[in-house]
Amino acid sequence: MSNNENLRRIAVDPVTRVEGHGKITLLLDEANHVREARFHIVEFRGFEKFIQGRPYWEVPYFVQRLCGICPVSHHLAAAKAVDQLVGVDELTPTSTKLRKLLHFGQTMQSHALHFFHLSSPDLLFGFGSNLEHRNIIGVIEDFPDLALKGVRLRKYGQQVIEVISGKRIHGAATVPGGMNKALTIEERDRLLADINDVLTWAQEAVDLNEKIHTSHPENHGFGRLNSNYLSMVGDKGELELYHGGLRANKSDGSSIFDQFDYRGYYNIIREEVRSWSYMKFPYLTELGRDDGWYRVGPLARINNCDYIATPLAEAARKSFKAFGNGGFVHDTLAYHWARMIEVLHCAEAIRDLLLDPEILGTDLVMKGEKREEGVGVIEAPRGTLFHHYKVNEDGTIKKANLIVSTTSNNQAMNESVRSVANEYLDGNEITEGLLNHLEVAIRAYDPCLSCATHALGKMPLEVELIGADGEAVDRIEKASSGAINRTL
Amino acid sequence: MNNNADKIIKIDGVDVPFKDGQTIMDAALAADIYIPHLCHKPGLSPHGSCKLCTVDVNGRPASSCTMPASEGQEIANNTPALNEVRKSITQMLFIEGNHLCPSCEKTGDCTLQAIGYHLGMLDGHFPQFYPRREVDASHGSLVLDRDRCIMCELCVRASRECDGKNVFTISGRGTNRHLIVNSDSGKLVDSDIELEDMAAHICPVGAILIKDHGYEVPIGRRTFDIHSVAETDLDDVILTKVRHHDE
Ligand code: SF4
Ligand code: FES
Ligand code: NI
């Protein structure tokens, strides 16, 4: 094994990502109620065009550059599509397990970063509390033990990624039809050494979230939406993050479809384009444009699944269910709780995989007959992620289509923002309090704006109020430094 | 003169013996002294185009891969000033093409990237050109991705001098310079290049790649994970490495 010092790369990357910033426009009606909320995201566009003409086997590597925080998710979704392009529907057992391990590591690190760094300050100190203290530094001061465990959980997830793909970010793991590297006994043992601690920390994170939710009934309705939910489930209806069928349920728990083969996703999901946003608005075809929007991500997955195959996470799911009186939990802030249940599941699943002798296998690549089309879907940390490619005869990409998780939550984020704005908007003025609450609502979804600003936990945000006559009434801006300015 | 070995040049103050007919580069490599180079590969005729191997010979800049060694030369090689110039050249090579290292199959196996690292290059420094260049995937087992071509002409020379063919040529001037394929259609599929050819494996960057293959060598086991670009016998290593990909 070479040491990490040697893994040196210059990563010159001329495709500079548009720095993420959010903008919210609140449209008022005559009675000064928020009629519509529009959350605009400046996101990296043109990717689908960019990849045209590139060789298909490059795609899983190319797409890692879509996002700095969840490159592994794009890598795996694309890799699953590429498997189909080389005619492989099922990998060797070892390769499937290695990919799952990678995916669980990624989910754990992404969720841990989001909860501990970005959201725990809001939840622990209250959304209205002093901004100076309501950040990760504040958490470290007041809850040093918790902050440390958060850091360690994330680090463990990163270690898993590093072991499988060679690097923490932009590693190399998949090849068409399999994986490029077997796991060694030493690597496995290194990961196993810490797993019991990881399980304990994950359990504590779940317990903390349960307590936050049960002891703050006032947050129950915060940004709450009785929405539809879309996620993947395993063939027995269990929580499944890597491979399964699609399930959509209505808010009352009734089924819209189940075990749908995702390769035909375009038959059940359409994407609406709206003039004011670069980001599309996907909806479930069966329910139509107005009613067909849905939520994805941890909340959708924990609501939708019938059970979780690992015992600790399953016990946590049962408490979660009890919180929703047996039905779906629609609280937007419950995303955080669901997220930590998934971290616990990942920890258990990682342990089980590491203890499975097959994980050390060396049969890694399958071959098949080439095909012209491939669809890869996974449950990324932020929700269902679709990658769809068509190739020319010479092996170059003819057409690509992606539906990223944040796009699926687009309408839901707007609805949550509208609900929170209506509750906290006082008159015609945007207050700091309103802005903070809007931010907390959006953050619950863990949107992938630009992962760079995201990582700092400081999303530059502009909020604009438009009166019934179409004129701007007020506008304020929060810089990434936290400074708030009225710009109208 | 019959005792060749007595002839000496000085590189950075060190005595380096040479034989008649050797270039400064030849003598340096034989003495295990690294002079950064991209368009040079022992065994192929020197080309002198990348200018990375520039050294000061008795105070004047010269390309060491083409400059014959001659008695009494005082040569400066590994100096901060020369390495700074080399770094700028490397940066220009980066920004003139589309080198997206994180997604490139050659990452860790790429000599351009390794030299950039060796010279302490941290960014492209100059504004990106973003050229639009054509990908030729017409061939059954090879892909030519001109986005990454640095026009070193190693493939041109390998095809002519090793493979006995004439598959590639550089055409055009200035920013229009690009690699063309000598076939009626201009496509690789209509040329006589074959997977076994040296030209198919010699590209120091990721411009000529083996089709349907990629990323098979895990990170940690790639050429420059294991070797330094300054190892003077590296050219052999790289060739065996690349061949390894299509086994
Ligand atoms: S294709 Fe590769 S070997 Fe040929 S000129 Fe371009 S960079 Fe050099
Ligand atoms: S190596 Fe001498 S000019 Fe390129
Ligand atoms: Ni992302």
Side-chain angles (χ1 to χ4, degrees), chain A residues 1-16 50-66 71 75 79 82 85-86 162-167 169-182 364-365 367 370 391-397, chain B residues 90-91 93-95 97-105 107-108 110 112-125 127-130 132 134-141 143 145 147 187-189 206 209-222 224-228:
Chain A
M1 245 330 274
S2 61
N3 69 30
N4 293 340
E5 296 298 291
N6 289 331
L7 304 186
R8 46 205 200 176
R9 302 278 191 273
I10 291 181
V12 178
D13 190 347
V15 182
T16 33
F50 214 68
I51 195 120
Q52 275 175 21
R54 306 295 315 166
Y56 73 85
W57 59 91
E58 204 179 76
V59 169
Y61 292 86
F62 208 91
V63 296
Q64 298 199 77
R65 299 167 50 254
L66 276 172
H75 182 65
V82 168
L85 291 177
V86 297
E162 197 174 333
V163 163
I164 307 291
S165 72
K167 282 171 85 191
I169 53 158
H170 294 313
T174 71
V175 291
M179 296 290 278
N180 69 9
K181 183 168 84 67
L364 297 179
V365 183
K367 297 229 182 295
K370 280 201 195 153
V391 290
N392 298 305
E393 220 174 299
D394 66 6
T396 55
I397 298 291
Chain B
T90 310
Q91 284 167 323
L93 288 172
F94 264 99
I95 59 103
N98 296 312
H99 297 274
L100 315 178
C101 301
S103 60
C104 181
E105 142 63 14
T107 189
C110 171
L112 179 68
Q113 186 189 42
I115 285 185
Y117 195 89
H118 177 79
L119 294 170
M121 169 182 159
L122 296 175
D123 57 26
H125 183 75
Q128 287 288 337
F129 274 37
Y130 294 119
R132 289 201 68 83
E134 201 195 332
V135 174
D136 179 350
S138 62
H139 195 275
S141 41
V143 178
D145 181 355
D147 271 355
K187 296 274 184 203
L188 267 186
V189 67
L209 291 174
I210 312 303
K211 206 165 197 176
D212 296 321
H213 287 256
Y215 314 95
E216 284 153 12
V217 181
I219 286 180
R221 294 186 213 152
R222 297 190 155 219
F224 297 107
D225 293 334
I226 300 163
H227 300 279
S228 155

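The sequence lines fix the lettering, A, B, ..., with proteins before strands; numbering per chain opens at 1. Here the structure is a predicted model, which means the values were calculated and not measured.
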Enter the distance from [X]:[atom1] to [Y]:[atom2] here, rounded to the nearest 0.5 Å.
X: B/Ser103; Y: A/Gln64; atom1: OG; atom2: CD; answer: 8.5 Å
X: B/Leu100; Y: A/Arg54; atom1: CG; atom2: CZ; answer: 7.0 Å
X: B/Arg221; Y: A/Asn180; atom1: CZ; atom2: CG; answer: 8.0 Å
X: B/Asp136; Y: A/Thr396; atom1: CG; atom2: OG1; answer: 10.0 Å

*Taking all non-hydrogen atoms of both residues into account, name the closest pair between A/Glu58 and B/Tyr215 and its distance.*
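Heavy atoms of A/Glu58 and B/Tyr215 come nearest at CG-OH, 3.3 Å.
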*Any idea which of B/Asp145, B/Asp212, B/Asp147 has the most non-hydrogen atom pairs under 4.5 angstrom with chain A?*
B/Asp212
*asked:* Just to verify, what does A/Lys367 make a salt bridge (Lys or Arg N to Asp or Glu O under 4.0 Å) with, not counting sequence neighbours?
replied: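 Partners of A/Lys367 under the salt bridge (Lys or Arg N to Asp or Glu O under 4.0 Å) test: none.
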_Under a 3.5 Å distance rule, please check whether B/Lys211 uses its side chain to pair with a backbone N or O of A/Asp394 as donor and acceptor._
yes
